[in-house]
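Structure first, then comments.
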Amino acid sequence: MPQPKYITDIDRIKWIPEQERNRLKQITEKFVFRVNDYYLNLIDWSDPDDPIRKLVIPNEGELLEYGRWDASDEDTNYVVPGCQHKYRTTALLIVSEVCGSYCRYCFRKRLFRNDVKEALSDVEPGLRYIAKHPDINNVLLTGGDSLILATPKLRGIIQRLRELDHVKIIRLGSKIPVFNPMRIYEDEELLETIREYSTPEKRIYVMAHINHPREITEEARKGFQALHEAGAIVVNQTPVLKGINDDPAVLGELLDQLSWAGVTPYYFFINRPVAGNKEFVLPLQQVYRIVEEAKARTSGLGKRVRLSMSHTSGKIEIVAIENGKAYLKYHQSRDEQYGKFMVLDCPDDAAWFDDLPGSENFWIKPSKKTEAVVSVNELPDMPQDLRAFRNA
């Protein structure tokens, strides 16, 4: 199957009426647009509420006032440019600011601003930091999308990490398994890299981002199989999103199809309160009910998924929401509060940890570790083109 063609001009999407395209252009001036023809063909254009359409086609709600560009304060996780270290054993290398297509709900929309530079082509500072910290036993290559990198570039990073004995797990954050599965199963060099560096002692994990069961096509299954045969472990994570997968039947089918394909259901996330994401917001109690009803429809393999919030302070697992109370615990913790259990009042409209009365007593706002990374929340709301200043 030919590699898909990428489209960055919404005027080229002729399925969208011209009048609507004109309205959407002002959104693409603020939030970048990119999609490919393979993924566009998954959309039912006769359905204005098609969930695949909502994933990648801009919506006018993106311009509504809501949230922050960096809702989880990732600027405070950078230890050197291009490398985040939030949890003791895990480091992130931000290796790309490009994706196969741009999800409209993306929590790192800031990376696609023209006045932000968090992803680095030179990962050397991050590699040196990881080499000096033997507690780090797993490294996530993310962005953007790690599998958008040219294979020689990706292989070089993986090879360097495998020279560090304490790095046991390498994770590749990617939506390419469903945005462009051909990139996986047709790239023998990529599969050979995985075969070489994903061993019984030190695995490579592909952290897939599959939001809806309709994304799991025959091409996607072929990509999963190629990754499995090469020795990678594939797991999946998705936020629960209003209008896309906020239906127990849809989420239950997703859990089933992932399990059947040998892809581990890993996380369901609460949508982060990021600028532009207002259309996707659901109350916590509603998400909890949807997820529990979805889990009731699947096997124990599907039930392995955890419902969490990726908060500034850590990954907060939602254990239960009952009778106006939220029962939570720290699944991951920036401040070593692993397993800390919390019971908080949960108002009907609460959609994030910070919306729960008393939540501020359980964490302390962190400070930046380096001033070499810009704090996007301090920039103007409308992205500014600073390239002229950089080149002056």
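Numbering starts at 1 and runs along the sequence shown.
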[X] versus [Y], closest heavy-atom pair with distance:
X    : Y    : answer
P239 : Y105 : CG-CE1, 3.5 Å
S101 : V56  : CB-CG1, 4.1 Å
P265 : L255 : CB-CD2, 3.6 Å
D44  : R214 : N-NH2, 3.7 Å
P81  : P125 : O-CB, 4.3 Å
G126 : L93  : CA-CD2, 3.8 Å

Can you tell whether the side chains of [X] and [Y] come within less than 4.0 Å, N to carboxylate O?
X    : Y    : answer
E192 : R195 : yes
R68  : D73  : yes
D165 : K202 : yes
E20  : R53  : yes

Give a yes or no on whether [X] and [Y] share a hydrophobic cluster (residues Ile, Leu, Val, Met, Phe, Trp, Tyr; joining criterion: side-chain heavy atoms under 4.5 Å apart).
X    : Y    : result
Y327 : L284 : no
V274 : Y78  : no
L328 : Y338 : no
W15  : L24  : yes
I194 : I148 : yes

Please confirm whether the backbone N or O of [Y] pairs with a side-chain atom of [X], one donor and one acceptor, at under 3.5 Å?
X    : Y    : result
S72  : E74  : no
T90  : Y87  : no
S146 : G173 : yes
N36  : F179 : yes
N41  : D37  : yes
R162 : Y197 : yes
S299 : L301 : yes
K278 : A275 : no

Nearest 0.5 Å please: distance from the [atom1] atom of [X] over to the [atom2] atom of [Y].
X    : Y    : atom1 : atom2 : answer
I204 : E196 : CD1   : CD    : 9.5 Å
F269 : L241 : CZ    : CG    : 12.0 Å
E189 : T151 : CD    : OG1   : 5.0 Å

Side-chain contact test, heavy atoms from C-beta onward, threshold under 4.5 Å: evaluate it for [X] versus [Y] and give yes or no.
X    : Y    : answer
L254 : H212 : no
V376 : D75  : no
T193 : S198 : no
P58  : F31  : no
V281 : K242 : no
Q332 : K86  : no
K168 : N138 : no
R34  : C99  : no

> Considering residues at least two apart in sequence or located in another chain, which fulfil the salt bridge (charged side-chain N to carboxylate O under 4.0 Å, His left out) criterion with E292?
Replying inline: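 With sequence neighbours excluded, E292 shows a salt bridge (charged side-chain N to carboxylate O under 4.0 Å, His left out) to K295, given in chain and number order.
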> Relative to the ring of H228, is the ring of F224 parallel (under 30°), tilted (30 to 60°) or perpendicular (over 60°)?
Replying inline: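 Geometry flag for H228 against F224: tilted rings.
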> Among I216, N245, V234, which one satisfies side chain to side chain contact (heavy atoms under 4.5 Å, CB included) with I210?
Replying inline: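 Only one of I216, N245, V234 forms a side chain to side chain contact (heavy atoms under 4.5 Å, CB included) with I210, namely I216.
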>> Applying the side chain to side chain contact (heavy atoms under 4.5 Å, CB included) criterion to V95, which one of I157, T142, D145 satisfies it?
In response: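 In the set I157, T142, D145, the residue that makes a side chain to side chain contact (heavy atoms under 4.5 Å, CB included) with V95 is I157.
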[X] atom [atom1], over 12 foreign heavy atoms within 6.0 Å:
X    : atom1 : value
Y205 : OH    : no
K132 : NZ    : no
E163 : CD    : yes

> Can you check whether F362 and H311 have ring centres sitting under 6.0 Å from each other?
Replying inline: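 No, ring centres 6.0 Å or more apart.
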> Can E279 and K54 be said to form a salt bridge (Lys or Arg N to Asp or Glu O under 4.0 Å), step by step?
Replying inline: CA-CA 10 Å; E279 291 294 305; K54 288 185 175 184; over 6 Å; no
> For residues 56-67, which residue pairs qualify under salt bridge (Lys or Arg N to Asp or Glu O under 4.0 Å), counting only residues two or more places apart or in two chains?
Replying inline: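 Found R23-E60, E62-R104, E62-K109.
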> Could R272 and F107 be counted as a cation-pi pair, given that NZ or CZ must be under 6.0 Å from the ring centre and within 45° of the axis?
Replying inline: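 Yes, R272 sits over the ring of F107.
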> After noting the C-alpha distance and the side-chain angles of E218 and R221, does the key distance pass the salt bridge (Lys or Arg N to Asp or Glu O under 4.0 Å) rule?
Replying inline: CA-CA 5 Å; E218 284 306 308; R221 290 189 188 94; 2.8 Å; yes
Extract all donor-acceptor atom pairs below 3.5 Å that involve side chains of residues 315-325 and protein atoms in other chains or at least two apart in sequence.
{"residue": "E317", "atom": "OE1", "partner": "R306", "partner atom": "NH1", "Å": "2.9"}
{"residue": "E317", "atom": "OE2", "partner": "R306", "partner atom": "NH1", "Å": "3.4"}
{"residue": "K325", "atom": "NZ", "partner": "D345", "partner atom": "OD1", "Å": "2.5"}

